[in-house]
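All remarks here apply to the structure that follows.
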Amino acid sequence: MTFNSQELSEHIRRDLLDGYDEEFELEIEDRHYLQEHDAAPVLTESEKEQRRIYFRELFRLQAELVKLQDWVVATKHKVVILFEGRDAAGKGGVIKRITQRLNPRVCRVAALPAPNDRERTQWYFQRYVSHLPAGGEIVLFDRSWYNRAGVEKVMGFCTDAEYEEFFRTTPEFERMLVSSGIQLIKYWFSISDEEQKARFLGRIHDPLKQWKLSPMDLESRRRWEDYTKAKEIMLERTHIPEAPWWVVEADDKKKARLNCIHHLLNQMPYQEIPHPVIELPQRQRHEDYLRNPVPADIIVPKVY
(Lines give C-alpha, C1' and ligand atoms only; values in the text may rest on other atoms or scores of the structure.)
Protein backbone atom coordinates (compact mmCIF):
# COMPACT_ATOMS: atom_id res chain seq x y z
CA MET A 1 0.00 0.00 0.00
CA THR A 2 1.32 3.43 -0.97
CA PHE A 3 0.23 6.58 0.92
CA ASN A 4 0.05 10.06 -0.51
CA SER A 5 1.21 12.88 1.78
CA GLN A 6 -2.25 13.55 3.19
CA GLU A 7 -2.92 9.87 3.85
CA LEU A 8 0.50 9.49 5.46
CA SER A 9 -0.17 12.44 7.79
CA GLU A 10 -3.51 10.96 8.78
CA HIS A 11 -1.92 7.56 9.33
CA ILE A 12 0.71 9.06 11.64
CA ARG A 13 -1.99 10.97 13.53
CA ARG A 14 -4.00 7.79 14.11
CA ASP A 15 -0.88 5.96 15.21
CA LEU A 16 -0.16 8.64 17.81
CA LEU A 17 -3.73 8.37 19.08
CA ASP A 18 -3.35 4.60 19.34
CA GLY A 19 -0.32 5.14 21.55
CA TYR A 20 -2.28 7.34 23.94
CA ASP A 21 -5.19 4.90 23.91
CA GLU A 22 -3.04 2.59 26.00
CA GLU A 23 -3.54 4.93 28.94
CA PHE A 24 -7.30 4.95 28.37
CA GLU A 25 -7.24 1.15 28.44
CA LEU A 26 -5.49 1.26 31.80
CA GLU A 27 -8.08 3.77 32.95
CA ILE A 28 -10.86 1.35 32.02
CA GLU A 29 -9.02 -1.33 33.98
CA ASP A 30 -9.32 0.89 37.05
CA ARG A 31 -13.08 1.09 36.74
CA HIS A 32 -15.30 0.52 39.75
CA TYR A 33 -18.68 1.32 38.21
CA LEU A 34 -19.13 -1.37 35.53
CA GLN A 35 -21.54 -4.16 36.35
CA GLU A 36 -21.69 -5.46 32.78
CA HIS A 37 -18.92 -5.65 30.20
CA ASP A 38 -20.69 -3.27 27.81
CA ALA A 39 -21.89 -0.76 30.40
CA ALA A 40 -20.76 2.80 29.84
CA PRO A 41 -20.09 5.31 32.60
CA VAL A 42 -22.12 8.49 32.76
CA LEU A 43 -19.81 11.36 33.63
CA THR A 44 -20.82 14.79 34.82
CA GLU A 45 -19.28 17.85 33.18
CA SER A 46 -17.11 18.31 36.27
CA GLU A 47 -15.87 14.72 36.03
CA LYS A 48 -15.14 15.14 32.33
CA GLU A 49 -13.08 18.24 33.05
CA GLN A 50 -11.18 16.46 35.81
CA ARG A 51 -10.38 13.63 33.42
CA ARG A 52 -9.16 16.07 30.78
CA ILE A 53 -6.87 17.73 33.32
CA TYR A 54 -5.61 14.34 34.53
CA PHE A 55 -4.72 13.05 31.08
CA ARG A 56 -3.20 16.36 29.99
CA GLU A 57 -0.94 16.41 33.05
CA LEU A 58 -0.13 12.71 32.85
CA PHE A 59 1.00 12.93 29.23
CA ARG A 60 3.05 16.05 30.03
CA LEU A 61 4.75 14.32 32.96
CA GLN A 62 5.40 11.20 30.89
CA ALA A 63 7.11 13.36 28.27
CA GLU A 64 9.32 14.70 31.08
CA LEU A 65 10.06 11.12 32.17
CA VAL A 66 11.37 10.42 28.67
CA LYS A 67 13.70 13.42 29.02
CA LEU A 68 14.77 12.13 32.43
CA GLN A 69 15.48 8.72 30.91
CA ASP A 70 17.68 10.28 28.21
CA TRP A 71 19.57 12.24 30.88
CA VAL A 72 20.09 9.13 33.01
CA VAL A 73 21.54 7.28 30.02
CA ALA A 74 23.73 10.21 28.95
CA THR A 75 25.14 10.81 32.45
CA LYS A 76 25.32 7.12 33.49
CA HIS A 77 23.28 8.02 36.53
CA LYS A 78 22.03 5.13 38.70
CA VAL A 79 18.59 5.32 40.28
CA VAL A 80 16.70 3.01 42.65
CA ILE A 81 13.10 3.85 43.56
CA LEU A 82 11.29 1.89 46.26
CA PHE A 83 7.49 1.70 46.30
CA GLU A 84 6.03 0.58 49.60
CA GLY A 85 2.59 0.93 51.13
CA ARG A 86 -0.52 -0.90 52.15
CA ASP A 87 -2.15 -3.43 49.87
CA ALA A 88 -4.35 -1.71 47.25
CA ALA A 89 -2.65 1.64 47.91
CA GLY A 90 -1.93 2.17 44.20
CA LYS A 91 1.77 1.33 43.94
CA GLY A 92 1.26 -0.79 40.84
CA GLY A 93 -0.74 1.94 39.14
CA VAL A 94 1.94 4.59 39.47
CA ILE A 95 4.66 2.12 38.45
CA LYS A 96 2.69 1.37 35.28
CA ARG A 97 2.41 5.06 34.45
CA ILE A 98 6.10 5.70 35.06
CA THR A 99 7.30 2.81 32.90
CA GLN A 100 4.56 3.06 30.26
CA ARG A 101 6.54 5.10 27.72
CA LEU A 102 10.09 4.33 28.82
CA ASN A 103 12.65 1.92 27.41
CA PRO A 104 12.48 -1.32 29.46
CA ARG A 105 16.22 -1.73 28.94
CA VAL A 106 16.75 1.53 30.82
CA CYS A 107 13.88 1.50 33.31
CA ARG A 108 12.86 -1.86 34.70
CA VAL A 109 10.70 -3.17 37.53
CA ALA A 110 11.88 -5.59 40.21
CA ALA A 111 8.95 -7.36 41.86
CA LEU A 112 10.47 -10.25 43.78
CA PRO A 113 8.40 -13.23 44.94
CA ALA A 114 8.67 -14.70 48.42
CA PRO A 115 12.19 -16.07 49.06
CA ASN A 116 12.77 -19.75 48.39
CA ASP A 117 14.53 -22.13 50.78
CA ARG A 118 17.97 -21.26 49.42
CA GLU A 119 17.38 -17.51 49.54
CA ARG A 120 16.28 -17.74 53.16
CA THR A 121 19.81 -18.84 54.07
CA GLN A 122 21.44 -15.89 52.26
CA TRP A 123 22.42 -12.51 53.60
CA TYR A 124 19.07 -10.75 53.78
CA PHE A 125 19.87 -8.08 51.17
CA GLN A 126 21.60 -10.49 48.78
CA ARG A 127 18.70 -11.21 46.44
CA TYR A 128 17.94 -7.51 46.11
CA VAL A 129 21.53 -6.58 45.28
CA SER A 130 21.42 -8.55 42.02
CA HIS A 131 18.69 -6.20 40.76
CA LEU A 132 20.55 -2.96 41.44
CA PRO A 133 21.21 -0.70 38.42
CA ALA A 134 24.37 -0.18 36.44
CA GLY A 135 25.20 3.25 35.05
CA GLY A 136 22.39 4.65 32.92
CA GLU A 137 19.65 2.52 34.50
CA ILE A 138 16.58 3.05 36.68
CA VAL A 139 15.17 0.24 38.81
CA LEU A 140 11.73 0.44 40.41
CA PHE A 141 11.22 -1.97 43.30
CA ASP A 142 7.57 -2.98 43.65
CA ARG A 143 8.08 -3.76 47.35
CA SER A 144 11.62 -4.21 48.53
CA TRP A 145 13.82 -5.19 51.46
CA TYR A 146 11.27 -3.39 53.63
CA ASN A 147 9.16 -6.55 53.54
CA ARG A 148 10.98 -7.47 56.73
CA ALA A 149 9.75 -4.34 58.49
CA GLY A 150 6.17 -4.94 57.33
CA VAL A 151 4.66 -8.24 56.31
CA GLU A 152 7.42 -10.41 57.80
CA LYS A 153 7.13 -8.71 61.18
CA VAL A 154 3.32 -8.65 61.29
CA MET A 155 2.86 -12.20 59.99
CA GLY A 156 5.63 -13.69 62.11
CA PHE A 157 7.85 -14.68 59.17
CA CYS A 158 10.99 -13.40 60.91
CA THR A 159 12.32 -13.59 64.44
CA ASP A 160 12.60 -10.63 66.77
CA ALA A 161 16.38 -10.86 66.40
CA GLU A 162 16.15 -10.74 62.60
CA TYR A 163 13.76 -7.79 62.86
CA GLU A 164 16.15 -5.82 65.07
CA GLU A 165 19.12 -6.75 62.88
CA PHE A 166 17.21 -5.36 59.90
CA PHE A 167 16.88 -1.95 61.56
CA ARG A 168 20.52 -2.00 62.60
CA THR A 169 21.86 -2.80 59.14
CA THR A 170 19.38 -1.14 56.76
CA PRO A 171 20.63 2.43 57.27
CA GLU A 172 24.20 1.17 56.78
CA PHE A 173 23.18 -0.75 53.65
CA GLU A 174 21.40 2.25 52.16
CA ARG A 175 24.30 4.58 52.94
CA MET A 176 26.56 2.13 51.10
CA LEU A 177 24.26 2.26 48.07
CA VAL A 178 24.26 6.06 48.08
CA SER A 179 28.04 6.31 48.57
CA SER A 180 28.51 3.95 45.60
CA GLY A 181 26.73 6.46 43.36
CA ILE A 182 23.17 5.10 43.47
CA GLN A 183 20.40 7.61 44.06
CA LEU A 184 17.88 5.97 46.38
CA ILE A 185 14.32 7.33 46.53
CA LYS A 186 11.76 5.76 48.89
CA TYR A 187 7.98 6.22 48.61
CA TRP A 188 5.31 5.09 51.04
CA PHE A 189 1.77 5.09 49.61
CA SER A 190 -0.71 5.93 52.35
CA ILE A 191 -4.46 5.26 52.19
CA SER A 192 -7.19 5.44 54.76
CA ASP A 193 -8.94 2.50 56.38
CA GLU A 194 -12.18 3.15 54.50
CA GLU A 195 -10.45 3.61 51.14
CA GLN A 196 -8.64 0.28 51.43
CA LYS A 197 -11.92 -1.41 52.36
CA ALA A 198 -13.61 0.07 49.27
CA ARG A 199 -10.76 -1.01 46.97
CA PHE A 200 -10.75 -4.54 48.37
CA LEU A 201 -14.50 -4.81 47.84
CA GLY A 202 -14.03 -3.51 44.30
CA ARG A 203 -11.50 -6.24 43.60
CA ILE A 204 -13.75 -8.92 45.08
CA HIS A 205 -16.58 -7.95 42.71
CA ASP A 206 -14.39 -7.41 39.62
CA PRO A 207 -13.42 -10.71 37.93
CA LEU A 208 -10.54 -8.95 36.16
CA LYS A 209 -9.02 -7.92 39.48
CA GLN A 210 -9.69 -10.88 41.76
CA TRP A 211 -6.20 -12.21 41.03
CA LYS A 212 -4.86 -9.20 42.94
CA LEU A 213 -6.35 -10.49 46.18
CA SER A 214 -4.17 -13.09 47.87
CA PRO A 215 -4.83 -14.67 51.27
CA MET A 216 -2.01 -12.47 52.57
CA ASP A 217 -3.81 -9.35 51.30
CA LEU A 218 -7.02 -10.36 53.06
CA GLU A 219 -5.12 -11.03 56.27
CA SER A 220 -3.48 -7.62 56.01
CA ARG A 221 -6.98 -6.13 56.04
CA ARG A 222 -7.78 -7.91 59.30
CA ARG A 223 -4.49 -6.77 60.85
CA TRP A 224 -4.80 -3.12 59.81
CA GLU A 225 -3.68 -1.80 63.18
CA ASP A 226 -0.66 -4.13 63.37
CA TYR A 227 0.48 -2.91 59.96
CA THR A 228 -0.01 0.69 61.07
CA LYS A 229 2.29 0.18 64.07
CA ALA A 230 4.88 -1.61 61.90
CA LYS A 231 4.79 1.21 59.34
CA GLU A 232 5.27 3.89 61.98
CA ILE A 233 8.29 2.09 63.45
CA MET A 234 9.75 1.53 59.98
CA LEU A 235 9.50 5.19 58.99
CA GLU A 236 10.96 6.33 62.29
CA ARG A 237 13.95 3.97 62.24
CA THR A 238 14.89 4.12 58.54
CA HIS A 239 14.27 7.77 57.65
CA ILE A 240 17.87 8.89 57.07
CA PRO A 241 19.25 12.04 55.40
CA GLU A 242 20.92 10.01 52.65
CA ALA A 243 17.65 8.24 51.76
CA PRO A 244 14.60 9.86 53.36
CA TRP A 245 11.07 8.52 53.13
CA TRP A 246 8.46 10.38 51.09
CA VAL A 247 4.78 9.75 51.87
CA VAL A 248 2.29 9.86 48.99
CA GLU A 249 -1.31 10.45 50.08
CA ALA A 250 -3.11 8.00 47.83
CA ASP A 251 -6.83 8.03 48.61
CA ASP A 252 -7.25 9.70 45.20
CA LYS A 253 -5.46 7.41 42.74
CA LYS A 254 -5.10 9.89 39.91
CA LYS A 255 -3.77 12.70 42.07
CA ALA A 256 -1.39 10.28 43.78
CA ARG A 257 0.06 9.23 40.41
CA LEU A 258 0.55 12.81 39.25
CA ASN A 259 1.98 13.96 42.59
CA CYS A 260 4.41 11.06 42.79
CA ILE A 261 5.70 11.45 39.23
CA HIS A 262 5.99 15.23 39.65
CA HIS A 263 7.96 14.74 42.88
CA LEU A 264 10.18 12.08 41.30
CA LEU A 265 11.10 14.39 38.43
CA ASN A 266 12.11 17.08 40.94
CA GLN A 267 14.54 14.72 42.67
CA MET A 268 17.04 14.80 39.80
CA PRO A 269 18.72 17.74 38.02
CA TYR A 270 17.90 16.33 34.60
CA GLN A 271 17.88 18.38 31.45
CA GLU A 272 16.88 17.72 27.88
CA ILE A 273 19.58 15.92 25.96
CA PRO A 274 19.96 17.13 22.35
CA HIS A 275 19.55 14.44 19.72
CA PRO A 276 20.59 14.52 16.07
CA VAL A 277 17.82 15.07 13.57
CA ILE A 278 16.48 11.72 12.43
CA GLU A 279 15.76 11.21 8.75
CA LEU A 280 14.11 8.11 7.40
CA PRO A 281 16.38 6.57 4.75
CA GLN A 282 15.01 5.57 1.36
CA ARG A 283 14.30 1.87 1.13
CA GLN A 284 16.47 -0.04 -1.33
CA ARG A 285 14.53 -1.58 -4.18
CA HIS A 286 15.73 -4.40 -6.44
CA GLU A 287 14.09 -5.40 -9.69
CA ASP A 288 14.51 -9.11 -8.98
CA TYR A 289 12.84 -8.88 -5.53
CA LEU A 290 9.46 -10.60 -5.30
CA ARG A 291 7.63 -11.02 -2.03
CA ASN A 292 6.17 -14.49 -1.65
CA PRO A 293 2.52 -14.73 -0.55
CA VAL A 294 1.87 -15.87 3.03
CA PRO A 295 0.18 -19.32 3.13
CA ALA A 296 -3.48 -18.81 3.99
CA ASP A 297 -3.52 -21.60 6.59
CA ILE A 298 -1.10 -19.78 8.92
CA ILE A 299 -2.84 -16.39 8.89
CA VAL A 300 -4.63 -15.47 12.10
CA PRO A 301 -8.39 -15.28 11.41
CA LYS A 302 -9.76 -11.73 11.19
CA VAL A 303 -12.41 -12.04 13.87
CA TYR A 304 -12.41 -8.26 14.52
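Note that this is a predicted model, so its numbers are computed, not measured.
- Relative ring orientation between F125 and F166 is described as parallel, the plane-to-plane angle staying below 30° on a 0-90° scale split at 30° and 60°.
- We find the CE-OG1 distance between M268 and T75 to be 10.0 Å, quoted to the nearest 0.5 Å.
- To the nearest 0.5 Å, atoms NE2 (H239) and CH2 (W246) are separated by 7.5 Å.
- Across every non-hydrogen atom of A149 and M234, the tightest pair is CB-CG, 3.7 Å.
- Distance CG/L102 to CZ/R97: 13.5 Å, rounded to 0.5 Å.
- With hydrophobic clusters built from ILVMFWY side chains whose heavy atoms lie under 4.5 angstrom apart, I233 does not share a cluster with V154.
- Listed here is the closest heavy atom pair of V139 and L132: CG2-C, 4.3 Å.
- With sequence neighbours left out, the salt bridge (Lys or Arg N to Asp or Glu O under 4.0 Å) criterion links R237 to E164.
- Looking at residues two or more places apart in sequence or on another chain, you find no side chain to side chain donor-acceptor pair (under 3.5 Å) involving Q271.
- Interatomic distance, CE of M155 versus CZ of F157, reported as 5.0 Å (0.5 Å rounding).
- Hydrophobic clustering of Ile, Leu, Val, Met, Phe, Trp and Tyr side chains at less than 4.5 Å, counting indirect connections, unites V79 with F83.
- The number of heavy-atom neighbours closer than 6.0 Å to CG of D160, taken from other residues, nucleotides and ligands shown, is 12 or below.
- A distance of 10.0 Å separates CG in L258 from NZ in K255, rounded to the nearest 0.5 Å.
- Listed here is the closest heavy atom pair of V106 and G136: CG1-O, 3.6 Å.
- Within the structure, side chain to side chain donor-acceptor pair (under 3.5 Å) pairs that include any residue of residues 190-204 comprise S192-D251, D193-R221, E195-R199, Q196-R221 (at least two apart or interchain).
- In this structure, the side chains of V151 and Y227 come closer than 4.5 Å at one or more pairs of heavy atoms.
- Tracing side-chain contacts under 4.5 Å through hydrophobic residues (I, L, V, M, F, W, Y), one never reaches L140 starting from V178; they form parts of separate clusters.
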Practice prompt. Could you give me the CA-CA distance, side-chain angles and deciding distance for K96 and D142, then say whether salt bridge (Lys or Arg N to Asp or Glu O under 4.0 Å) is met?
Written response: CA-CA 11 Å; K96 281 182 182 178; D142 186 354; over 6 Å; no

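- P269 places a side-chain heavy atom less than 4.5 Å from the side chain of W71.
- Apart from L201 itself, the hydrophobic cluster it occupies contains F200, I204, L213, L218, where clustering links Ile, Leu, Val, Met, Phe, Trp and Tyr at side-chain heavy-atom distances under 4.5 Å.
- Using a 4.0 Å cut-off between charged nitrogen and carboxylate oxygen, E232 and K229 do not count as a salt-bridge pair.
- With sequence neighbours excluded, no residue satisfies side chain to side chain donor-acceptor pair (under 3.5 Å) with Y128.
- With salt bridges taken as basic N to acidic carboxylate O contacts below 4.0 Å, one links D117 and R120.
- Within the 3.5 Å criterion, the main-chain N or O of F167 finds no donor-acceptor partner in the side chain of T170.
- Taking a 6.0 Å sphere around CZ of R118, one finds it holds 12 or fewer heavy atoms contributed by other residues, nucleotides or ligands.
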Which atom pairs, donor and acceptor, lie under 3.5 Å between side-chain atoms of residues 281-294 and protein residues at least two apart or in another chain?
none

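- Take E45 and apply the salt bridge (Lys or Arg N to Asp or Glu O under 4.0 Å) test, not counting sequence neighbours, and it matches K48.
- Cation-pi contact between K153 and Y163: present, with separation from the ring centre below 6.0 Å and deviation from the ring axis of at most 45°.
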Anything under 3.5 Å between a donor and an acceptor, one on a side chain of residues 295-304, the other on a protein residue two or more places apart or in another chain? List them.
none

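- Not a single donor-acceptor pair under 3.5 Å links the side chain of Y187 to the backbone N or O of K91.
- Cluster annotation: L61 and F59 are assigned to the same hydrophobic cluster (Ile/Leu/Val/Met/Phe/Trp/Tyr, side-chain heavy-atom contacts under 4.5 Å, transitive).
- Y270 pairs with exactly one of K67, Q69, E64 by the side-chain hydrogen bond (donor to acceptor under 3.5 Å, both in side chains) rule, that one being E64.
- The distance from the OG atom of S144 to the CD1 atom of I81 is 12.5 Å, given to the nearest 0.5 Å.
- Side-chain contact between I261 and L58 is present, with at least one heavy-atom pair separated by less than 4.5 Å.
- Among all heavy-atom pairs drawn from A89 and A250, the shortest one is O-CB, 3.4 Å.
- With a 6.0 Å radius and a threshold of 12 heavy atoms from other residues, nucleotides or ligands, E225 has its CD atom at or below the threshold.
- A single hydrophobic cluster is not seen to contain both V80 and F189; linkage of ILVMFWY side chains at heavy-atom distances under 4.5 Å, directly or through other members, places them apart.
- Atom NE2 of H263 is surrounded by more than 12 heavy atoms from other residues, nucleotides or ligands within 6.0 Å.
- For N116, there are no side chain to side chain donor-acceptor pair (under 3.5 Å) partners at least two apart in sequence or on another chain.
- In this structure, the side chains of Q50 and Y54 stay at 4.5 Å or more apart for every pair of heavy atoms.
- Looking at R108, its side chain does come within 3.5 Å of a backbone N or O of H131 through a donor-acceptor pair.
- Looking only at side-chain heavy atoms (C-beta outward), K212 and D217 stay at 4.5 Å or farther from each other.
- Side chains of Y124 and N147 form a contact here, defined as non-hydrogen atoms less than 4.5 Å apart.
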Fill in: W145/R127 under side-chain contact (heavy atoms from CB on, under 4.5 Å): CA gap, chis, key distance, verdict
CA-CA 9 Å; W145 45 88; R127 70 193 194 113; over 6 Å; no

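- Between H205 and P207, the shortest heavy-atom distance links the atoms O-CD, 3.6 Å.
- Annotation: side chain of T99 is not in contact with side chain of P104 (no heavy-atom distance under 4.5 Å).
- Under the salt bridge (Lys or Arg N to Asp or Glu O under 4.0 Å) criterion, E47 pairs with no residue, sequence neighbours left out.
- Listed by chain and number, the residues in a side chain to side chain donor-acceptor pair (under 3.5 Å) with R168 are E165 (sequence neighbours excluded).
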Listing, residues 179-186 side-chain donor-acceptor contacts under 3.5 Å, not counting sequence neighbours, or none:
| residue | atom | partner | partner atom | Å |
| --- | --- | --- | --- | --- |
| S179 | OG | R175 | O | 3.1 |
| S179 | OG | M176 | O | 2.9 |
| S180 | OG | L177 | O | 2.6 |
| Q183 | OE1 | H77 | NE2 | 2.7 |
| Q183 | NE2 | Q267 | O | 2.9 |
| K186 | NZ | Y146 | OH | 3.1 |
| K186 | NZ | E174 | OE1 | 2.9 |
| K186 | NZ | T238 | O | 2.8 |
| K186 | NZ | A243 | O | 2.8 |

